[in-house]
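Below: the structure, in C-alpha cells.
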Amino acid sequence: MAIRIDGKKVSAQVRARVAHEVAALQEKGIVPGLAVIIVGDDPASRVYVNNKKKACAEVGIYSEEFALPADTTQLQLMALVHQLNARKDISGILCQLPLPAHLDEKQVIEAIAPEKDVDAFHPSNVGRIMIGDYQFLPCTPAGVMELLHSAGISPEGKECVVIGRSNIVGKPMAMLLLHENGTVTVCHSRTKDLREVCRRADILVAAVGKAKFVTEDMVKPGAAVIDVGMNRDEAGKLCGDVDFDAVEPVAGAITPVPGGVGPMTIAMLMQNTLMAAKLQNGLSD
Ligand code: NAP
C-alpha cells in the first residue's frame with residue numbers, strides 16, 4: 001500500500017515558514033502585498049480567490065481584491081495592471097484565470113511587471129525557468145516538487161513521466177523535474193501507447209483534467225504518483241486524474257485529491273509573494 005503524501009500537512013509547514021519570515025519583514029517595516037484581480041462571476045474562480053485571500057490573512061500578507069464586472073474592457077483591465085505595477089505596497093499581482101472570452105489573457109499576463117508576476121506566467125519568467133535561472137516558479141509545479149522533497153523522493157536518475165503539456169502545469173513541471181536530474185517524458189493527447197510510457201515511470205505526474213484517467217495498469221509497482229487533477233466525478237464529488245482507490249495498492253507513494261497538490265498551490269503563492277517583497281526591497285532570497 002502506498003504512502004500517502006499529505007499536502008495539507010506540507011502546505012501548513014510552508015505557510016508557517018512564510019508567516020515566520022513575513023513577521024520578520026514586518027519588523028523592518030515591510031509588509032508584502034498581493035493584488036488579486038478577478039473578472040466576472042465564475043463560481044470556481046470566486047472560490048480560488050477567496051482561498052487565496054484567506055491564506056494571505058493567515059500568513060500576514062496584505063491582500064487587496066479587484067473584482068471587476070464581466071463586461072470589463074481590455075483597456076480597463078490593462079489600466080488596472082499598470083496602476084498595480086506602479087504601487088509600492090503591492091509586491092505581487094495575480095489575475096485569476098480564465099478571463100471572460102472577450103479579454104486577451106496573453107496581453108494581461110505580459111503587462112504584469114515580471115518582478116510582481118507571482119504566478120510565474122510572464123514570458124520572461126517562463127524563459128528564466130527554461131534556463132534554470134529563476135526567481136519565481138509557477139505555484140502548482142513548485143508545490144509538486146515540495147511534496148516530493150517532503151516525502152524524500154528525488155527525481156535524480158529516475159524515469160519521470162508527466163501527462164499533460166499545458167503552460168501552467170505540464171511544461172514547467174517537466175522542466176523542474178529535469179532541473180533535478182530526472183529523465184523526463186511529457187505525454188499529451190497524441191501520445192502513442194500512453195499506458196506503456198506511464199508504466200516506465202518511477203515518478204508519474206498526472207495533469208490531464210480527466211477524472212480517474214490514470215488506472216492501476218498504467219502504474220509501475222512502487223512508483224510515486226502525483227495527482228494534479230481537480231475534477232468532479234459522476235456524483236459531483238471532487239476527484240483527481242488518478243483512480244485513487246485502484247492505484248493506491250500499486251503505487252509506492254501517492255497524493256490524494258483533495259488534500260494533495262491543491263493546498264500546495266496556494267502555499268507556494270504565499271512563498272512567491274514573500275519572495276517578491278524581499279526582492280523589491282533589496283533583500284536577496
Ligand atoms: P489543460 O490545459 O486542459 O491540459 C491538459 C493536458 O492533458 C493537455 O496537454 C492535453 O493534451 C492532455 N490530455 C488530455 N487528454 C489526454 C489524453 N487522453 N491522453 C494524454 N493526455 C491528454 O489542463 P491544465 O490546466 O494543465 O490542468 C490539468 C488538471 O490540473 C485539471 O484538472 C486542472 O483543474 C488541474 N489543476 C490543478 C491545480 C491545483 O492547484 N491542484 C492547478 C492547476 C490545474 P493536448 O495538449 O494534446 O491537448
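When a ligand or atom number is given, it counts from 1 through the structure's own listing order. The model shown is predicted, which means the values in this text are computed figures rather than measured ones.
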Please tell me whether R17 and Q271 have a donor and an acceptor in their side chains that are separated by less than 3.5 angstrom.
yes
Checking heavy atoms under 4.0 Å, the part of K210 that sits near ligand 1 is side chain
closest protein heavy atom to atom 12 (C) of ligand 1 is G164 CA, 4.1 Å
Between the CG atom in D193 and the SG atom in C198, the distance rounded to the nearest 0.5 Å is 10.5 Å
Of V261, D241, V228, N231, the residue with the heavy atom nearest atom 30 (O) of ligand 1 is V228
Side-chain donor-acceptor pair under 3.5 Å between E180 and H149, yes or no? yes
Counting heavy atoms under 4.0 Å, the part of I168 that contacts ligand 1 is side chain
- Item | N/O donor-acceptor pair under 3.5 Å between K158 side chain and S154 backbone | yes
Atom 31 (C) of ligand 1 has as its nearest protein heavy atom G209 CA, 3.5 Å
Worksheet item: Side chains of Y134 and N125: closer than 4.5 Å at any heavy-atom pair?
Response: no
Ligand 1 atoms nearer than 4.0 angstrom to some heavy atom of T265 are 39 (C), 40 (O)
Closest to atom 23 (O) of ligand 1 (heavy atoms only, candidates A211, G240, S166) is S166
heavy-atom search around atom 32 (O) of ligand 1 in the protein gives M230 N, 3.0 Å
Should Q74 and H102 count as side-chain neighbours, where that means a heavy-atom distance under 4.5 Å? no
The closest protein heavy-atom partner of atom 9 (O) of ligand 1 is R165 N, 2.8 Å
Exercise. Does an N or O from R190, backbone or side chain, lie closer than 3.5 Å to an N or O of ligand 1?
Worked result: no
Closest to atom 28 (C) of ligand 1 (heavy atoms only, candidates G7, A207, S189, G262) is A207
Given the options R15, K8, K9, S11 meets side-chain hydrogen bond (donor to acceptor under 3.5 Å, both in side chains) only with R15
Check the hydrophobic clustering (I, L, V, M, F, W, Y; side-chain heavy atoms under 4.5 Å; chains of links allowed) and say if I168 and M130 are grouped together. yes
re atom 20 (C) of ligand 1, the protein heavy-atom contact at minimum distance is H188 O, 3.1 Å
In this structure, NZ of K116 is separated from CG of L94 (nearest 0.5 Å) by 13.5 Å
Candidates V208, D227, V144; heavy atom nearest atom 14 (C) of ligand 1 found on V208
Ranked by distance from atom 42 (C) of ligand 1, the top protein heavy atom is T140 OG1, 3.2 Å
Linking I/L/V/M/F/W/Y whenever any side-chain heavy atoms sit under 4.5 Å apart, do L103 and V49 land together?
yes
Per-atom filter on ligand 1: closer than 4.0 angstrom to a heavy atom of F213 are 17 (C), 18 (N), 19 (N)
If you scan protein heavy atoms around atom 43 (C) of ligand 1, the nearest is V169 CG2, 3.8 Å
